Protein chains: 2
Amino acid sequence: MEYTVQGLAKLAGISARTLRYYDEIGLLKPARINASGYRIYGQKEIERLQQILFYRELGVGLEKISNIVGAPDFSQVKALREHREQLLKKRKQLNVLIANVDKTLAWAEGRISMTDKEKFEGFKQQMLDDNEKKYGQEIRAKYGDEQVNKSYQKLKNMTEEQFAEVEKLGSSVLAALKSALATGDPAGELAQQTADLHRQWLSYYWDSYTKEAHAGVAQMYVDDERFTAYYDRIQPGAAAFLRDAVFIYTGVNK
Amino acid sequence: MEYTVQGLAKLAGISARTLRYYDEIGLLKPARINASGYRIYGQKEIERLQQILFYRELGVGLEKISNIVGAPDFSQVKALREHREQLLKKRKQLNVLIANVDKTLAWAEGRISMTDKEKFEGFKQQMLDDNEKKYGQEIRAKYGDEQVNKSYQKLKNMTEEQFAEVEKLGSSVLAALKSALATGDPAGELAQQTADLHRQWLSYYWDSYTKEAHAGVAQMYVDDERFTAYYDRIQPGAAAFLRDAVFIYTGVNK
DNA sequence: ATACACCTTAACGCTGCGTCAAGGTCAATG
DNA sequence: CATTGACCTTGACGCAGCGTTAAGGTGTAT
């Protein structure tokens, strides 16, 4: 198929002026000029224009594009794979921006707090990849992705009052655990009260509470040394004691 | 928190020059100027800048932004909801672009064919909404979404040779059906051969063949008047006959 | 007191087109 | 066959949104 300027322009969703400009700067020359001086574009030009638009969409300057697609060793397939990768990156960034809007909305309605830094998340390009690579992996691998990640987010978004209340609840869990430990009975009333406090505390972090998840976290307190260390400060074996109490409390036994 | 130009610039991921320019054109004035003439930005300015960047990301001109966020009845929450919607639209467009890359890759490797128009899908903004609204609904509602839609896609992407072969298979189905109809026996050999040809024909459209899906389509030939009309051209009751034959062929009976 | 990282205003330059202006081409129409 | 209307051409100016350079003041740590 052959196209005049406006034909190709309409096809590609750009202006005729843009095509003339691309001709002028040598980025995209028509296949030929007809007897009346009209620009006529053919199949090759269509493919080249597609490449140009992909690069443009990704924010590459026209001169750089010219160098890239004009290079003698330019590979369309290779370029397309590159485009794919870059577009996926862009989509990721868009998702961050959307999350930002949601968060800002929640903040504007007073439901959560928000740092200045968070208010600009998603606007800056790049850099996030590195963070993702550096930290993302180990942290998520250990914690089990989704749930823990979400908890952390929710924690970051609390208002100060909420945060204070959580802190209070957290320390009362520790206090109750201390008393319960003295009895030595994870099924006893004190231990069960501790488990209940622990449930309340967790509910601040989670959207939905389930017995299974609660028991899962209790088990993690024993499996993950960071948590174990935290609870065992009170007394060695405290983490295991809390886990036993929660298992009994929830009725879940793994 | 208070920020100098560079402080805010780093926070927001923009340049100090940009902030000075925004001051110059009255888009974002600092909260105050200190004794040495430094620009100092406060909390309000941060929120305003966030709004500005959202609009900018969506391609709105600076002057228009100025009018919007400077309007006396400007509502942050309302704006955020708008942003959300626009960003979702943008993400949709990005998805189209990514699909385009994938398709172009398949095309470049000779696996499918591709029209010129398809090569520019996703570059043009807008308009797709209307198409979606106008056609999408009725068509999908009737046909059962996914499967039919996918089939259509696959059909569009075939090379010419493939297409020719499919056409040939399709007409041989009709021919076989005609002969089979003469026997009047959907369980007979001719009818079963027809069902087998029909299976082969379907396999060109589907990624994975299952007896159930095959039988489902056969039933649709009776239920949907467009298909019924198509087959009944041969002879009234042809669609029902084909369905019966396919039911026997697949061993599925609904 | 000097070095260094900030800040200021002022000015010019660049990209990627949009937007006239002034004119030729082409097919259908009265 | 002349006119109309939708195309095409080159040429030129204009504009947004900054980047960049220049020439200089500020703040504080050594």
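Side chains included, hydrogens not; waters and symmetry mates left out as well; all remaining heavy atoms used. The structure displayed is predicted, hence computed values, not measured ones. Labels below follow one simple rule: chain letters A, B, ... track the order of the sequence lines, proteins then strands, and each chain is numbered from 1.
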Reading DNA chain D from 5' to 3', where do the contacts with chain B start and stop? Cut-off is 4.0 Å to heavy atoms.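 In short, chain B contacts DNA chain D from D/dG17 to D/dG27.
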With rounding to the nearest 0.5 Å, note down the distance linking OG1 in A/T104 to CZ in A/F120. 9.5 Å
For the CD atom of A/E47 and the NZ atom of B/K119, what is their distance to the nearest 0.5 Å?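 Reported value, rounded in 0.5 Å steps: 4.5 Å.
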Using heavy atoms to find the nearest nucleotide of DNA chain D for B/A35 and A/V5 separately, return the residue whose nucleotide is more 5′.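 By nearest-heavy-atom nucleotide position, the 5'-most residue is A/V5.
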Could you check A/T18 against B/A16 and say which one's nearest nucleotide on DNA chain C is further toward the 5' end? B/A16
5′-ward residue of the pair B/G7/A/Y21 relative to DNA chain C: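 Comparing both residues, the 5'-ward one is B/G7.
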Nucleotide range of DNA chain C lying under 4.0 Å from chain A heavy atoms: C/dG16 to C/dC26
A side-chain contact here means heavy atoms from C-beta on lying under 4.5 Å apart; do B/Y41 and B/L19 qualify? yes
Could you tell me if the side chain of B/R81 sits less than 4.5 Å from the side chain of B/V77, heavy atoms only?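 Sidechains of B/R81 and B/V77: in contact.
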Determine the contact category for A/I25: base if any of its heavy atoms lies under 4.0 Å from a base atom, sugar-phosphate if only primed atoms, P, OP1 or OP2 are that close, otherwise nothing.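 Nothing, no nucleic acid heavy atom in range.
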So what does B/R39 hit on the nucleic acid, given a heavy-atom distance under 4.0 Å: a base, only sugar-phosphate, or nothing?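 Result for B/R39 = sugar-phosphate.
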Look at atom CD of A/Q43 and say whether more than 12 heavy atoms of other residues, nucleotides or ligands are closer to it than 6.0 Å. yes
Heavy atoms of other groups near B/K178 NZ, more than 12 under 6.0 Å: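 Not more than 12 within 6.0 Å, no.
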Salt bridge A/K90-A/E57, side-chain N to carboxylate O under 4.0 Å: yes
Ring-plane angle category for B/Y55 and B/H83, please: parallel below 30°, perpendicular beyond 60°, tilted otherwise. perpendicular
